Amino acid sequence: MKVLAVCGLGMGSSLILRMNIEDVFKAEGVKAEVEHSDASAASGEACDFIVTTKEIAQSLQNPRGKVIILDNFIDKEEIKRVLKENHVF
């Protein structure tokens, strides 16, 4: 499984989100490849899931994975809940 953590520029907040997703996956025993990216690069990259904010999701052109919306990239409990709700694990 491949997951993309996506923010506007693909630097700061997407890196934090990637690390938090990796922490949640590790705690749940989930094996996955998690990368971070900017919105324009993520639009053309094949993956299983794209995790981002509502605003960035609206800017994605033809996403090649299921888009999952978060309100808070730092809240690991929200990340865990939303990933479970979207059947990531």
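Since this is a predicted model, take the numbers as computed values, not measurements.
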**salt bridge (Lys or Arg N to Asp or Glu O under 4.0 Å) assessment of Glu35 paired with Lys2** = CA-CA 8 Å; Glu35 297 179 3; Lys2 182 174 180 180; 3.8 Å; yes
So how far is it from [X] [atom1] to [Y] [atom2], rounded to the nearest 0.5 Å?
X: Ile79; Y: Lys84; atom1: CD1; atom2: NZ; value: 13.5 Å
X: Ser43; Y: Ile56; atom1: OG; atom2: CD1; value: 11.0 Å
X: Asp38; Y: Ser59; atom1: CG; atom2: OG; value: 9.5 Å
X: Leu4; Y: Cys47; atom1: CG; atom2: SG; value: 4.0 Å

**Item:** Lys66 and Ile50: CA distance, side-chain angles, deciding distance, side chain to side chain contact (heavy atoms under 4.5 Å, CB included) verdict
**Value:** CA-CA 6 Å; Lys66 180 179 179 178; Ile50 297 171; over 6 Å; no
**Item:** Other residues, nucleotides, ligands: >12 heavy atoms within 6.0 Å of Leu9 CG
**Value:**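 12 or below, so no.
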**Prompt:** Is it true that atom NZ of Lys26 has more than 12 heavy atoms of other residues, nucleotides or ligands lying nearer than 6.0 Å?
**Reply:** no
Under a 3.5 Å distance rule, please check whether [X] uses its side chain to pair with a backbone N or O of [Y] as donor and acceptor.
X: Asn20; Y: Phe73; result: yes
X: Thr52; Y: Val6; result: yes
X: Asp75; Y: Glu77; result: yes
X: Glu78; Y: Asn72; result: yes

Do the side chains of [Y] and [X] get nearer than 4.5 Å, heavy atoms only?
X: Val51; Y: Val3; value: yes
X: Met1; Y: Glu33; value: no
X: Leu83; Y: Phe49; value: no

Could you tell me whether [X] and [Y] have a side-chain N and a carboxylate O separated by less than 4.0 Å?
X: Asp23; Y: Lys76; value: yes
X: Lys80; Y: Glu28; value: yes
X: Glu85; Y: Arg81; value: yes
X: Glu45; Y: Arg64; value: no

**Item:** Taking every non-hydrogen atom, the tightest pair across Ala42 and Ser37
**Value:**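 Ala42 and Ser37 have their closest heavy atoms at N-OG, 3.5 Å.
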**Asked** Minimum heavy-atom separation for Ser13 to Cys7, with atom names?
**Response**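 For Ser13 versus Cys7, the nearest heavy atoms are OG-CB, 3.1 Å.
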**Prompt:** Under 4.5 Å between side-chain heavy atoms, hopping through other hydrophobics if needed: is there a path connecting Ile16 to Leu70?
**Reply:** no
**Item:** Co-membership, hydrophobic cluster, residues Val82 and Phe25, 4.5 Å side-chain
**Value:**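 Cluster IDs for Val82 and Phe25 match.
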**Message:** Test side chain to side chain contact (heavy atoms under 4.5 Å, CB included) on Val34 and Met19; report intermediate values, then the result.
**Reply:** CA-CA 8 Å; Val34 184; Met19 293 185 318; over 6 Å; no
